[in-house]
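Numbered from 1 within each chain, the chains take letters A, B, ... in sequence-line order.
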Amino acid sequence: MTVVVDNCSKWYGHVLGVSDVSWQLRGGIVGLLGPNGAGKSTLIKMMAGLLRPSRGSLTVFGKSPFHDVAVRRRIGYAPEHEKTWDELTALELVTVMARLAGVAPHDARGAAERALAQMGMTDAMHRRVRGFSKGMRQRTKLATAIAHDPDFLLLDEPLTGVDPIARVDIVERIRKLAAAGKTVVVSSHVLYEIESLTSEIVVIYRGQVLAEGNVYEIRKLIDRHPHRIRVECDRPRDIAAELATADHVARIVFERGGVLIETRDPDRCYDALAQVVIDRGIVVSALSSPDNNLGAVFEYLTGESRGRA
Amino acid sequence: MTDDAAVAREPLIVLERLTKRYGTIIALDGVNAIVDGQVIGLLGPNGAGKSTLLKALLGLIPYQGRARVLGLDAAEHGTSIRDRVGYMPEQEAFLAGMNAVEQCTYAGELSGLPRTEAMQRAHAALYYAGLEEKRYQPIDGYSTGMKQRVKLAQALVHDPEILFLDEPTNGLDPRSRDEMLELITELPGRRNCAIVLSTHLLPDVERICDQAVIMHKGRVRFVGTIDELRGARGSTALAIELKADAAQLAEVLTAAGATCAVDSAVTLTVTLPAGSTTQLVFRHARDAGLQVRSIGVHRQTVEAAFLRVIGDESAQVAP
Amino acid sequence: MTDHRVPGSLETVMTIAALTWKRLARGRALWVGVIISSLLVPFASAVRSSGNAGTGEELIMFALLTLAVVPPMFVSSSIGEEIEERTTTYLWSRPVPRWTVLAGKLATLVPVTIVLAVGSWSLAMLVGPQRPPSPESCLALAAGVTAISMMAAGIATLVPKHGMPLSICYMLFFDLPIGAMPISLSELSITHHVYTLTGMFRDGATMPRSLLALAILCAVWGTVAIWRIRRLEV
Amino acid sequence: MSDAPVPARPAGTIHDLGYKRYGGARLAASTRWLVIMRQQVAHGWKTWWRFKAALGLGVIVTFVAGGVMFLLQDRAVKGVVLPEGIAATLTDATLPRAMQWYSRVAFLVSLTIGARVVAGDVQSGAFTFYFARSVRPRDYVLGKLAGMCALIAMIYVGGPLLLAIARLGLSDSTDELIAILPVIPKALAMGMLGTLAFAAVPLGFSALVHNPRYAMALWATYYLIVGGMAWVLSRITDSGIAALDLAASLDRIAYYLFDLQVVWGRSKRIDPALALGSVLAHAAAAIALVIYQVRRAHLSGIGGAS
């Protein structure tokens, strides 16, 4: 078990960061999702040993990262903020960080070069960080996190502010790290960034773990709340006639070129719909649901799915 | 403002051979473009020349060639343009120790509004941006989302005709992002104000922009509508989403003669064999015990289109 | 590479010291420090060229005044800015004890400031009164730099944002005035002990006693700084 | 009557709260500096530590000086004599003597506010805020300078003016009152000169380096150490180099304006004309530096580091 969080809370003065979280992390890539101020960074910083839990315990590889110096050797952390030691070149920065992490002095420069190469920064590594774009800063931060070959990576918002070309590239590189056997925690508040990276997510909301696990498993939760399904087809009346009596259908509205079905049990409704389509040989040109996407899951989970027009 | 009608007919932005060099670096390389529309996405990777273009349009830097904004020449009428343009910067640009109302009032006054008018509009802009209760608290203690709202409000306060937004949704969670995008989309209708949106989050562009300008290496690579960018012309492929296991459906459909590409664990793109309909999909799905959740015409995402435009060095679309 | 080696304390101190030096040399702080410290030399030379050799008494006064500005500037920029800009997150996430970071920074800043202070003082003595500076005076300045740096480190960890103005105010409005007092309160004054150590002014206190007092002051401020930095979060 | 029916007043109305375009004229760009000035004053006024504490000290100085003036009217002052060679009394000498205390208070303000202005704005990204609007570099410089002047004038003009009025009140006869009436313009002139010095020079230092900490250190060094050195040098060499010491120069000008001869003290060695020249040259150099730096910032304009 890489991380064990047990009844852990963290306050800053009177402000609550994380509230009574119990959670375990085994391995692989995990996406840490949640709105701004939900406690993602607090949790990551506690795992990185920057913060001490106010109550409860949090261990990484069985040790407390705040108190146990040695266990931080196995952690690689890339912070959220942009500031670094801008006077240094990327190579110097990563070399220093590698040395502080315990890479032997004669090996540190080589390790830093390898880490920067892994992040696609070989060409720019002799330039000062001051002039870097956001994408290059993110890559440099990631290089500092991996230079000492840690087993456990904590990446706080590594994709924020990165242009699309760089993002595709960075996502690919993070996946490679996970494929090499590292445990990776990536936080983000933009869902689609995480979607391209992993399907294992943890949703943090109001300082608590709201949901965890495979995103598609979590998505099943969505079937608990009403759905609207829009079907565009050649014979909408046939569908309406067939489904009108089903107990899971709440309402059927005809629209131009199709029909909108409101259901209380999406899972059954989709099956029933497919059966009707097949039985009656209806040609469906489009099938969609505004409530059936990860954004909707996210909103549903965070409790306040707002009324849509 | 007697020539309002004349101004209205002029495109928002007209660029002719616009060139800017910093020493040996060419930031803008003879850019020609006519940009008009309501919500315009300005796209490009870092270093494409977007911020240099903005500076030129606001009349802040000298340049070669011509740039006209709202019918005014940027080199000559920089200050009048800046009075009629709102700019929401990407980075924090707050003055220490001020609350949101003071900041916005000050912004309005700096754009030439009388003090009382500026105060009134500051409150209106903050209401609009959704900062009713918090507007008397110091900005230093604001969350990222609230700071973005203040930045939007201060860009709106002086009643601009064009609004330049630099990464307005950066660092926002999905709900705040939705709200911010909604605010932005309502602006052209409610305030009669055109938007130029510069962002790296292409789904945002897809959602709210009607026009796109793509820049790369100091040149404009594309100007046109989002649909033109995506090239929605006559694609026959279908985008299908399942409850689970797209790979399995791909297997059976391929066996049935369709061309399939699995996009993720639950989505795939399918080109059906000639003469068959979605019946084929439904049947095979049911037989394999799979549930179809969505079917639609496969449209290239703006992201893919963007990568194509940037990647294709020769695809320079002249306006 | 998977041997999970943790760096030794000395190694960390040296790494941090090298890092601090690189940042100092490339930023503007070093030049600002050099300019402020070296003001002493043209002053001495001007005094000299006016035909007035002097004994260096006025020089040591100004040397002490520069000490009230330069070490607080170096130390509070290096520590305070790091805390304020949250680059400490890089350091605290590494497998190193926190005191080593403080020690590493001081291991660069204190010698650099000593070199600046003693260097400009020696140069000023050679240019002005045209005699080598006494070893006692150099030692006194070095001890003064150390003590003031420790004080600045303590204040910078306590109040990261306003470390520098507070340290300067401490020197100007507390340390210097109480140092001039004839009563035993002056034992608390760093500048008082530095004056004593130079051996240029006789006022009863013996030099070993002043050294001891400075060592105690260093220890107190050092304890404050280490205590604070261990508790510091983020 | 029925030909012209009065339109029926509706029983209820929903007002359109929709957006109203701003139809009024925009103020000319040349008025922006006033806005910036007001903001600078408001900023200084905001918390206790920035300005009000110093203002309190200024008030204390004024009260103490006024009290001394009143209670010890006839006590002679060491070190200064009237032009006729008669020892000056505190009645005449208090006002010029108080100037050095006002200088100390003004230095405090310049250190806590003035020396951080430009550097702080560079660091916080405020230039983006200014230059994305119709603010030209000269508006910014003028506004900030005027703002700092306004703050310091509250101490440096207000205090002496009150003391001058007190001096008038202490006159024994109408004739004397008329004879000493010029203290008012003299106090004003003195105050304005000092205000200019303590507003402009730290502003110049704040434009010198992009870090408020270094700017503060440099300004403090210049004012305290360089000034002290210049003074020591001028004592040794018997030259006017002490004019580099802003505090001493201002002091000297005060004594000159109020017709007092300095027999000993810091400002003895400075020729009044030299002192005036030095203060004006300092201010001019500082303003030139600020203009140069702000223009550069304006050209690099808004946005990132491209």
Whether D/F51 and D/W45 hold their rings parallel, tilted or perpendicular, with breakpoints at 30° and 60°: tilted
Those residues that, when tested against D/A106, pass side-chain contact (heavy atoms from CB on, under 4.5 Å) (two or more places apart): D/I152, D/Y156, D/F198
Any side-chain heavy-atom pair of C/M171 and C/L65 under 4.5 Å: no
Student check: side-chain heavy atoms of D/P272 and D/I253 closer than 4.5 Å: no
C/A68 versus chain D, the contacting section by heavy-atom distance below 4.5 Å: neither
Per-residue contact mode, C/L172 against chain D (heavy atom under 4.5 angstrom): side chain
Sequence-distant partners of D/K46, salt bridge (charged side-chain N to carboxylate O under 4.0 Å, His left out), two or more places apart: B/E102
List, with distances to 0.1 Å, the donor-acceptor pairs found between chain D and chain C - the cut-off being under 3.5 Å and no angle criterion applied.
{"residue": "D/N211", "atom": "ND2", "partner": "C/E81", "partner atom": "OE2", "Å": "3.1"}
{"residue": "D/R213", "atom": "NE", "partner": "C/E81", "partner atom": "OE2", "Å": "3.1"}
{"residue": "D/R213", "atom": "NH2", "partner": "C/E84", "partner atom": "OE1", "Å": "2.7"}
{"residue": "D/R235", "atom": "NH2", "partner": "C/E58", "partner atom": "OE2", "Å": "2.5"}

Exceeds 12 heavy-atom contacts within 6.0 angstrom, atom CZ of D/F107: yes
Proximal component of D/A220, with respect to chain C [non-hydrogen, under 4.5 Å]: neither
All pairs passing salt bridge (Lys or Arg N to Asp or Glu O under 4.0 Å) where residues 114-124 of chain C contributes a residue, at least two apart: none
Between C/G33, C/P165, C/G27, C/A29, the one whose heavy-atom pairs under 4.5 Å with chain D are most numerous: C/A29
Sidechain N-carboxylate O distance under 4.0 Å for D/R252, D/D271: no
